[in-house]
Amino acid sequence: MISIKEFSQIEYLRPDVDALQNQVGAQISRLESASCYAEARAAYLAAENAMAEAFTMGTVAQIRNSLDTGDAFYDGEMKYINLVKARLIPLEKRGADALLSSRFRPDFEAEFGKQLLSGFELKRKLQSEAVVPDRITEGELSMKYKKTAAGCKTEFMGETCNFYGLMKHMESTDREIRKSAFLEWAKLYEGISDKLDDLYDKLISVRIDMAEKLGLSDYIEMAYLSMGRTDYTRDDTAAFRSQVRAVIVPAVAKLRKLQAKRLGVDSLKYYDETLLFPEGNADPIGGKDVLVPAASGMYHEMSAETGDFFDFMCKYELFDLDTRPGKQLGGYCTALYKYKAPYIFSNFNGTAADVGVLTHEAGHAFAGYTAFRNQPTVRYLASTNEINEIESMAMEHFAYPWIGDFFGTEKAEKARYSHLFNALAVIPYVAAVDEFQHLVFEHPEMSAAGRRDTWKRLENEYMPWRDYDGVAFLEGGGFWMQKLHIFLHPFYYIDYALAQTCAFELYGMMKKNRQAAWASYMKLCRSGGSLSYFELLDFAGLRNPFLEGSVENAVSHVIEELSVSQRDLEV
Ligand code: ZN
């Protein structure tokens with residue numbers, strides 16, 4: 001039985017780290033000296049539970065801090081929590097060692113599966129006092145990157161715009177406005193390109209140093225381990241990218257030509273790419289007050305499980321969707337372990353992205369909510385990104401029959417076309433970003449100019465339609481710099497393409513037999529992270545995306561659908 005209150009009523013108590021250390025330390029000692037499995041198991045779960053309770057309070061503080069960044073109390077709490085987190089690392093390491101060397105290890109494995117142990121083993125490979133200073137340096141460089149990018153502003157059409165503000169104008173139905181917004185955007189990036197090159201040089205070098213200190217073959221190995229990639233290697237990723245080049249690149253190239261025709265332009269420039277229809281992209285029919293009831297109606301009709309989930313989210317105030325002064329930018333989905341509750345944070349802006357929050361982020365939240373109720377350990381509440389993103393992306397496809405409730409019946413087809421098109425069209429770019437990072441870390445001697453040449457070559461291969469309309473900085477390979485993940489979340493990006501491939505496969509199933517697709521989806525959600533990536537795919541009856549032919553199998557019906565509905569939309 002979980003006792004949960006509305007989020008605003010949850011009382012925040014600062015985690016008492018000394019008491020936590022004593023409590024968890026005592027349970028670890030009990031685990032170390034246990035005379036039977038029942039005792040070892042109870043000690044392990046008690047330690048896990050105490051940590052989860054403390055982390056829940058940390059999450060409450062983090063959410064409230066993001067809701068009002070000006071609130072001095074939670075700002076102070078976040079500083080405190082970040083400080084004490086580091087103090088808990090030795091304790092976590094001791095706990096992992098105790099479990100891995102326990103004489104009851106086979107019993108743990110028999111009850112919880114090998115995933116629990118392999119997760120701890122993987123973590124142990126990356127834990128070393130030797131890399132602590134490097135991690136601090138990496139964190140400082142990441143902060144500098146964020147500040148450099150956030151500080152970029154320019155005047156455009158009488159308003160102060162950052163990159164995000166300019167990108168909104170790049171969706172304008174007026175081509176001249178799109179073009180001038182794009183030129184300003186490119187100028188802003190060029191203006192900070194020296195700084196970004198310098199920061200990236202430093203990030204590369206500190207990352208390579210860490211991998212060396214950990215005794216790993218290179219940073220690529222370290223990045224794969226950090227993301228829990230136990231089932232595949234860089235060679236598999238390379239094979240997946242070649243399927244993308246063979247199947248998706250030519251299809252998107254054709255669809256881009258049709259887009260140019262629809263927009264009535266001779267050749268599609270970069271600033272035309274986000275505008276899919278000459279009269280403008282489809283926007284939702286209202287804000288939170290319209291979209292949340294629409295989502296509630298949809299989730300109740302979709303299944304009993306999703307209906308219960310959405311009621312739970314509403315009843316306990318587990319979203320904050322509106323934009324307000326002082327609220328942190330962007331959006332996220334997090335979890336309050338103690339209450340078995342997901343939490344969704346976003347800033348609605350009146351575009352299709354708002355619907356994305358109520359489908360994609362809600363898909364993550366639903367998966368977490370379901371795993372919470374089916375898994376015995378907090379370590380199994382979520383899987384790795386390749387699976388977590390299938391759960392969120394497939395929910396976007398499951399939502400198609402209700403798309404008119406969000407965009408209006410007359411715009412439903414356009415909204416659906418745009419969603420499907422964008423889901424496919426982004427994959428070559430994702431693959432290019434992935435190959436770029438592999439090449440950078442395989443050739444640490446590569447100069448800033450070399451990186452631009454590399455990006456330019458990849459752009460030709462993966463996005464042959466790309467046309468920067470004569471802007472020398474971008475035509476020379478400067479575009480990679482606008483990808484935040486390359487700086488802050490190295491190698492975390494191909495996950496989206498892998499997951500979208502599986503989500504497309506599920507979408508294909510939906511068209512033929514929605515019930516079967518839903519059953520497969522629920523298998524994934526219930527399993528959380530209790531199995532490895534490939535095991536989960538197998539359990540849910542999904543094809544391994546690395547195997548030759550999988551990409552074609554997953555996307556051919558999508559390409560077909562986009563070509564047909566493009567013809568319908570033309571009339
Ligand atoms: Zn996601």
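Numbering of ligands and ligand atoms starts at 1, following listing order. Not measured: the values here are computed from a predicted model.
- Partners of H485 according to the ring-ring contact (aromatic ring centres under 6.0 Å, His included) rule, which considers only residues two or more places apart in sequence or in another chain, are H489, Y492, Y493.
- Partners of D320 according to the salt bridge (Lys or Arg N to Asp or Glu O under 4.0 Å) rule, which considers only residues two or more places apart in sequence or in another chain, are R324, K327.
- For a distance threshold of 2.8 Å, the protein N, O or S atoms nearer than that to the Zn ion (ligand 1), listed by chain and number, are H360 NE2, H364 NE2, E389 OE1, E389 OE2.
- A side-chain donor-acceptor contact under 3.5 Å links T233 and D236.
- Because its NZ or CZ atom is not both nearer than 6.0 Å to the ring centre of F309 and within 45° of the ring axis, R373 does not count as a cation-pi partner of that residue.
- Classification of E561 and R416 as a salt-bridged pair holds, one side-chain N sitting under 4.0 Å from a carboxylate O.
- Partners of R245 according to the side-chain contact (heavy atoms from CB on, under 4.5 Å) rule, which considers only residues two or more places apart in sequence or in another chain, are R241, S242, E435, E461, Y462.
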